[in-house]
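For reference, the structure is listed below as structure tokens.
Fair warning: this is a prediction, and the values are worked out from it, not measured in the lab.
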Amino acid sequence: MNAEDVELCRVYGQMSREYMSERSWDECEPQLREGWLRLRRNPDLSWEDAAPLVQTFWQLTPASPA
């Protein structure tokens, strides 16, 4: 995973959290997986490899007020 991949994981995790703040990671994970497969720039970076980092950024981002 290179710096661009890490940055994409950061942006994806943070923006997803802001957009889906009322839902849990477990509820959102299938939708996030589908989005990642469309969004990723590196076709060799699978969701299984990216998900832990995306989830970390998700968890570090405060949920938006409802």
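- Around the CD atom of E4, the shell of radius 6.0 Å holds no more than 12 heavy atoms that belong to other residues, nucleotides or ligands.
- For the pair E29 and W47, the minimum side-chain heavy-atom distance is below 4.5 Å.
- Using a 4.5 Å heavy-atom threshold, the side chains of R33 and E48 count as touching.
- Expressed to the nearest 0.5 Å, how far CD of E34 lies from CG of L39 amounts to 13.0 Å.
- Under the 4.5 Å side-chain contact rule for hydrophobic residues, L37 and V11 do not share a cluster.
- Here the side chains of R10 and E7 are in contact, with some heavy-atom distance below 4.5 Å.
- The minimum heavy-atom distance linking V6 with F57 is given by the pair O-CE1, 4.2 Å.
- In this structure, M15 places its CE atom where only 12 or fewer heavy-atom neighbours from other residues, nucleotides or ligands lie under 6.0 Å away.
- Atom CG of residue D49 and atom CG of residue D5 lie 10.0 Å apart, to the nearest 0.5 angstrom.
- With values rounded to the nearest 0.5 angstrom, S16 atom OG is found 10.5 Å from R23 atom CZ.
- At distances below 3.5 Å, at least one donor-acceptor pair connects side-chain atoms of W36 with backbone N or O atoms of L45.
- No side-chain heavy atom of Y12 sits less than 4.5 Å from a side-chain heavy atom of L53.
- To the nearest 0.5 Å, atom SG of residue C28 and atom CZ of residue R17 are 8.5 Å apart.
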